[in-house]
Protein chains: 4
Amino acid sequence: MVAVVIHWIQLIRHTAYNESMSKRDKSATREKILNAAEDVFSEKGYHDSLMDDIVVASDTSKGGLYFHFPSKETLFMALLDRLAESLLKDVEKEIEKNKGAVAKIQAALEAVMMALSKRRRLAKILLRQGYGLPKFEEKRLEMFDKFASLIERYLEEAVDEGSIPPLNAKITAYAWLGALNELVVRWLFLKEPHPIKESLPALLPLFLRGIGINYVDQ
Amino acid sequence: MVAVVIHWIQLIRHTAYNESMSKRDKSATREKILNAAEDVFSEKGYHDSLMDDIVVASDTSKGGLYFHFPSKETLFMALLDRLAESLLKDVEKEIEKNKGAVAKIQAALEAVMMALSKRRRLAKILLRQGYGLPKFEEKRLEMFDKFASLIERYLEEAVDEGSIPPLNAKITAYAWLGALNELVVRWLFLKEPHPIKESLPALLPLFLRGIGINYVDQ
Amino acid sequence: MVAVVIHWIQLIRHTAYNESMSKRDKSATREKILNAAEDVFSEKGYHDSLMDDIVVASDTSKGGLYFHFPSKETLFMALLDRLAESLLKDVEKEIEKNKGAVAKIQAALEAVMMALSKRRRLAKILLRQGYGLPKFEEKRLEMFDKFASLIERYLEEAVDEGSIPPLNAKITAYAWLGALNELVVRWLFLKEPHPIKESLPALLPLFLRGIGINYVDQ
Amino acid sequence: MVAVVIHWIQLIRHTAYNESMSKRDKSATREKILNAAEDVFSEKGYHDSLMDDIVVASDTSKGGLYFHFPSKETLFMALLDRLAESLLKDVEKEIEKNKGAVAKIQAALEAVMMALSKRRRLAKILLRQGYGLPKFEEKRLEMFDKFASLIERYLEEAVDEGSIPPLNAKITAYAWLGALNELVVRWLFLKEPHPIKESLPALLPLFLRGIGINYVDQ
DNA sequence: AATGAATGAGAATTCATTCAT
DNA sequence: TATGAATGAATTCTCATTCAT
C-alpha cells in the first residue's frame, strides 16, 4: 500500500518538476557546476582543486556533480571546451568587423590578447592549468590549433592577395600564439608588463614586420 | 713528540679522506637522487611521480631522499635549478663562438632550440611540469628571465651598433622565448613540426625581419 | 489540488523516514566508531592505537572514520566527552538517592570509585591516556572540574547546614579527586590495593575527618 | 702499509684522548644529553620530543646520544631516575630538619609541594609525561612509592608515639600524594590555584585533621 | 536528478635506530 | 667515543569515486 502511494507521489513530483523547469534551461545544475569549477580551478589549479570545493562553491551535491560529469577530468575538459568556445566566438566577432586580410590579422591578435587580459580566470585555466600531462596537453594543443587555424587562414589570404610574401603560415601562427601566451602568463603571475598597454604595442611591429608588412605605429 | 705524530697522522688522514671523497664527489647520494628525479619527473610529470618512484629509481632510501630534500617540492625546485643552469651554460658557450650582436642573437636562438630538442626530458620538465601553481610558475618565470636577459643584452648591443632600429628588447626576448616554447612543446607532445628541421627555418626570418634585419635564408 | 497531494506525500515520507531512522539511531557508524575507539584506546593507549586499528575494530572504513572525526585527536576528545558524560550521569543518579549533604558527599565518593573500578577501560582512558600534552591535559582538567563542581556543591551545602566547619570547598574537591585517581590508577596497573575493598574503607575516614565530620566506620 | 699507520694512529689518539679526559668527569656528554632531555621532554612531552631535538639541544650528535642511551625509552627512564633521586634527596633534607613524627610529616608534605612548584620542568616530567603506557606507568608508580614510603614511615612512627590514632599508612600516603599531584598539575597547566599560596594552606588542615591531628592554622 | 555518507587505495612524510668512518 | 648520512617500517590523513536512499 505504501509502495503504491510512493510510486504515485513520484509521478506527481516528477510532473511538478518538469512543469517548474522550463525547456530552454537544459540544466541549471550543470551550469552552476561549470561556473563554480571555473572559479575553483582558476584559483587553485587542477590538482589542488577538490571535487568537494566545487560541490561547495556550486551549492549542489557530490552526487549531482557526478551525475553531470563522470570524473574530475571530464569536468575539467568540459570546462576547457566551454571557455575555448566562448573565447573563440569573441575573437571571431572582432575579426569580422575588419576588411582585408592584414587588418583581420591585426584584429585577431588584438582580440586574443584583449580577451585574455580582461578575463584572468579564463586565461589562467586555458593557459596554465593541469598541463604537463599528455591528456591535458593534447587538449590545450587542440584549442591552440583552433586559434592558429584562424590566423593561418588570414595569413594565407594575405599571401594570396599579395599583401605579404609567402611564409609558413602554420608555424607563424603557433609562434605568435606562443609569444602572446608567454606575455599573458607573465602578466598573470607577475602583473607586468601589461598585455595591452605594454606588450601589444611592442608586439605588433615585431609580428607584422616579421611577415613583411612595413608596420608603422599610429 | 706526540704533537708531531698527530700532525703526521692528520696529513695521512687528510689524504685518505680526499681519495675516498673524490670517488663520491660532493655527495653521491644527492646526485643519484637528482638524476633519478630527472628521469621520473620527465616520464610521469610532477603529480604522477611518487617519491617512492624516485627512491627506487635512485637506488637509495626514503629517509635518504628526505635527508637531502625536505619535500617533493624542494626536490623539484632543486632539479629545475640544476637543469636551467646546465642549459644556460650550454647556450652561453654557443653564443661565445660568434662575433657581432646579430650573429650572437641568431646563435642564441639556435642554441636554445637545439638544446631543448636534443634533450627531451629536460625540455619536458623545464617547459611543462607542475605549472599553474604560483610557486612553480614563479620559478619558471625566473628561469625564462635568465634566458631573456641573455637575448636582451645582445638585442641592445645590436641597437647600439646600429645593426637594428630601436625596440623593446625585453618584450622581444619574452616573445621569442614564448614562440620557441610553444613550438618545442608541440613537438614534444605531437612530434611535429620538428624544431630544427621545420620550425627554426621558418622562425628565424620571422624573428629577424621582425626586428628589422633583412634576413635571407642561406 | 497538487499542493494537497504534496502535503500528504510529505506526511507519508516523513513517517517512512522516521521509521528507517529509528533503526540506525543517529548515525550507527559514528557509534560503532566510538565503541571501537573505546576498546582500542583502553587497550593500547593513545599513541599506540592506530587509526587502522579502530577502522578494523569498528568494521567501518578509513574514509568513514575521517568523515565523522576529522583527526585522531578529535576522535579521542569526542570519546572523552562521551565517557565523562556517561560517568557523570551515573554518579549523579547515585547521589540523588541520598538525603542530606554529608550523605550525598559520601555517596558521591563511593559512586565515583565504584564506577571507575567497575569500568576499567573507561578508567584507563579517562585517567591515563594521552596526557602530558596541553591539549589533552586541559580536557582532563575540564572533566575533573565537572566532578569537582558536584562535590563542591554538596560541601558548601554541608557548610551552610552547619554540618561541617567552613573550608575551601574547591581545593578539597580537587584533593579528593586526586587521591581517588591515584588509588584507582595503582589498582589499574598493579592490581592492588583494591579500590572498593581496601582503599575506600581507609579513605572515607581520612576524607571525612579531614573536613570535620567525626566519621565512624560501620 | 697505510693500514699499519692508521692502527698506530688509533693507538696514539686513544691515549691522547684518555689523557685529556680527567677521571672524575665520567662523561660530560652524558650530562649534556640528560640536561637537554630534561628541557625537551618537559617542553614537548615524551612523544612529541624527537631524538633529534635532544641532539640539537645538547649540542652533541646522534651517534653520541645512542652511545650513552641505547634507546629513547632508556633515556627517558634514566632521566626519571635522575629527577626522582634529586627530588627525594631535597625532601629528605627538609624532613631531617624537624623533630617529632608529626612535624616531619608536615615538613615532607611542604617540601614535596615546594620542590615541585619551584621546578616546573621537573614536575611536568615526573607527574605527566609518557604515561598511560604500562612501562612508564610502572616507573611512575615506583617513584611515587619511594615518596609514599617516606611518609608512611613517619605516619607509623606517629602512631607508635601515640600522636595519632591507628590508620592505614600506605593508603593515606598514596592519597596524599595523589592530592598533591592533582593540585600541582592544575597549577602546571592552568596556573591556579597556586600550590604554595593557595593549595597548601587548605590542604594541611584537610590532611592532618584526616589523620586525627587537631591542626590549627598559624 | 539529487543527496551525502561511505569507501579504500594511496601518498607524503616522520623518526627511532643503525652503521661506516 | 663521536659523527651524521642513511635506512625503512610505520602512520596519519587525502580525496576521487561509489552507492543506497
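Every chain is numbered from 1 and lettered A, B, ... according to where its sequence line falls, protein lines coming before strand lines.
Comparing dA6(E), dA5(E), dT13(E) by their closest approach to the side chain of Lys72(B) singles out dT13(E). Between dT13(E), dT7(E), dA6(F), one nucleotide has an atom nearer to the side chain of Ser61(C) than all others, and that is dT7(E). Here the side chain of Ser71(A) is nearest to one of dT13(E), dT17(F), dA16(E), namely dT17(F). Nearest to the side-chain atoms of Asp52(C) among the listed nucleotides dA2(F), dA5(F), dT12(F) stands dT12(F). For Leu50(D), whose side chain is taken as the heavy atoms from C-beta onward, the closest listed nucleotide among dT11(F), dT7(E), dC15(E) is dC15(E). When the nucleotides dA2(F), dT3(E), dT17(E) are ranked by their closest atom to the side chain of Thr60(A), dT3(E) comes out on top. Here dT13(E) is the nucleotide among dA6(E), dA16(E), dT13(E) with the atom lying nearest to any side-chain atom of Tyr66(B).
In this pair, Phe76(C) and Phe136(C) present their aromatic rings perpendicular. The plane angle is above 60°, beyond the 30 to 60° band.
Checking Ser27(A) against Thr29(A) by side-chain atom types alone, no donor-acceptor pair falls below 3.5 Å.
Across all strands shown, Thr74(D) has no heavy atoms under 4.0 Å from either base or sugar-phosphate atoms. Within the 4.0 angstrom heavy-atom criterion, base atoms lie near Lys62(C).
Separating the CZ atom of Phe76(A) from the C1' atom of dA16(F) is a distance of 16 Å, rounded to the nearest angstrom. A straight line from NE2 of His47(C) to C1' of dT14(E) spans 13 Å, rounded to a whole angstrom. Note: CZ (Phe67(C)) to P (dT17(F)) measures 18 Å, nearest angstrom. When the P atom of dA5(E) is taken as reference, atom CD1 of Ile33(C) falls 12 Å away, rounded to whole Å. With rounding to whole Å, Phe69(D) atom CZ is found 14 Å from dT1(F) atom C1'. Per the geometry, CG belonging to Leu65(C) stands 12 Å off P belonging to dT14(F), to the nearest Å. The distance between atom OH of Tyr46(C) and atom P of dT11(F), rounded to the nearest whole Å, is 13 Å. The separation between Asp48(D) atom CG and dT14(E) atom P is 13 Å, rounded to whole Å.
With Asp53(B) as the fixed residue, the salt bridge (Lys or Arg N to Asp or Glu O under 4.0 Å) test singles out one of Lys72(B), Lys62(B), Lys44(B): Lys44(B).
Pairing for dA1(E) is absent, judged as Watson-Crick or G-U wobble with the two contacts each under 3.5 Å. Across all strands shown, dT14(F) pairs with dA9(E); the Watson-Crick or G-U wobble distances both stay below 3.5 Å. As the counterpart of dT21(E), dA2(F) is assigned, both hydrogen-bonding distances of the Watson-Crick or G-U wobble pattern falling under 3.5 Å.
By the 4.0 Å N-to-carboxylate-O rule, Arg82(C) lies close enough to Glu31(C) to be salt-bridged with it.
Residues Asp59(D) and Ser49(C) each lie close to DNA chain F; by heavy-atom proximity, the contact nearer the 5' end of the strand is made by Asp59(D). Residues Met51(C) and Gly63(B) each lie close to DNA chain F; by heavy-atom proximity, the contact nearer the 5' end of the strand is made by Gly63(B).
At dA6(F), one or more side-chain N or O atoms of Thr29(B) fall inside 4.0 Å of OP1 or OP2 (strictly under the cut-off). Dashed line: the shortest gap from a side-chain N or O of His68(A) to OP1 or OP2 of dA2(E) is under 4.0 Å.
Of the inter-residue distances, the one linking Phe69(B) atom CZ with Thr74(B) atom OG1 reads 9.0 Å to the nearest 0.5 angstrom. One finds the CZ atom of Arg140(B) at 12.5 Å from the CD atom of Gln129(B) (value rounded to the nearest 0.5 Å).
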